[in-house]
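Taking it in order: structure first as structure tokens, then the write-up.
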Amino acid sequence: NAGVTQTPKFQVLKTGQSMTLQCAQDMNHEYMSWYRQDPGMGLRLIHYSVGAGITDQGEVPNGYNVSRSTTEDFPLRLLSAAPSQTSVYFCASSYSVGTTYEQYFGPGTRLTVT
Amino acid sequence: AQKITQTQPGMFVQEKEAVTLDCTYDTSDQSYGLFWYKQPSSGEMIFLIYQGSYDEQNATEGRYSLNFQKARKSANLVISASQLGDSAMYFCAMRVYRLTGGGNKLTFGTGTQLKVEL
């Protein structure tokens, strides 16, 4: 059971480049989300999805796009990378929209934009 | 909007001692859950413990317990008998549940860096 997987683990981009961070889960979770972690700021929600075909914005969505064509996959696209997007990105998933289920996190992607 | 406040950026504790990490929250929702996650230096997020807003008993998981004081809106994590492996960043988080939407979003605090010393 792989849980939540993320690729790549590390990435360096130049300003203006685009890329996709991949996230997949094999637990049949309806809910998936993307967070970014910056020093001193905890984790902030970028986008989330409550099921295939349904996505919504979180706290810091600007500069990022998502789609959810299958239950398993939830890729995050950086449209035109900026140095302010240098961060560690976590994907997470959980069952349902109730309060009782903890979110399972992927190992993270460390992104540097120069 | 929901808010989580962790006022201790860093804490030190001696091995085998107990330590309390503070967490206060703010929400107008009645139904919510509170979570604690551990992030070691390797970077992964590890779920530790959960407390529901309607739970009457404080949650416990092994050496971890959650001191839930609803009227004060606090959800402090207590680690008993600290071990060197407990050295990590600890995050408090909250999720609210609404029938009209809002999903499963977790709101995180800024974290407390715990260092366990010999």
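Below, each value reflects all heavy atoms present in this structure, side chains not excepted, and no hydrogens, waters or symmetry copies. So you know, we letter chains A, B, ... as the sequences are listed, proteins then strands, and number each from 1.
Following chains of ILVMFWY side-chain contacts shorter than 4.5 Å, one cannot reach B:V78 starting from B:I4, and the two form parts of different hydrophobic clusters. Clustering ILVMFWY residues whenever any of their side-chain heavy atoms sit less than 4.5 angstrom apart, transitively, puts B:L84 in a cluster other than the one holding B:F12. Hydrophobic clustering (side-chain heavy atoms under 4.5 Å, transitive across Ile, Leu, Val, Met, Phe, Trp, Tyr) groups A:L78 together with A:M32. Both B:M94 and B:Y90 sit in one connected hydrophobic cluster of ILVMFWY residues. Membership requires side-chain heavy atoms under 4.5 Å apart, directly or through other members. Hydrophobic clustering, with ILVMFWY side chains joined whenever heavy atoms are under 4.5 angstrom apart, keeps A:L76 apart from A:V50.
The closest side-chain heavy-atom distance from B:F108 to A:Y35 is below 4.5 Å. Counting only heavy atoms from C-beta outward, the side chains of A:Y104 and B:F47 never approach each other to under 4.5 Å.
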**OP:** Please report the C-alpha distance between A:F90 and B:E44 in whole Å, then the side-chain angles of each, then the deciding distance to 0.1 Å, and finally whether the side chain to side chain contact (heavy atoms under 4.5 Å, CB included) criterion is met.
**Re:** CA-CA 9 Å; A:F90 287 98; B:E44 70 269 31; 5.9 Å; no

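Annotation: the span from B:T107 atom OG1 to A:E59 atom CD amounts to 7.5 Å, rounded to 0.5 Å. Between B:M45 atom CE and A:Q103 atom CD the span is 9.5 Å, to the nearest 0.5 Å. Taking OH of A:Y31 as the reference point, atom CZ of B:R95 lies at 7.5 Å (rounded to 0.5 Å). Between the OH atom of A:Y48 and the CG atom of B:L106 there is a distance of 12.5 Å, given to the nearest 0.5 Å. Atoms CG and CD, from B:L48 and A:E102 in turn, are 10.5 Å apart once rounded to the nearest 0.5 Å.
Taking chain B as the reference chain and counting heavy-atom pairs below 4.5 Å, the highest number among A:Q37, A:R44, A:M41 is found for A:Q37.
The parts of A:L43 that come within reach of chain B are both its backbone and its side chain, each placing non-hydrogen atoms under 4.5 angstrom from that chain. Neither the backbone nor the side chain of B:Q113 has a heavy atom closer than 4.5 Å to any heavy atom of chain A.
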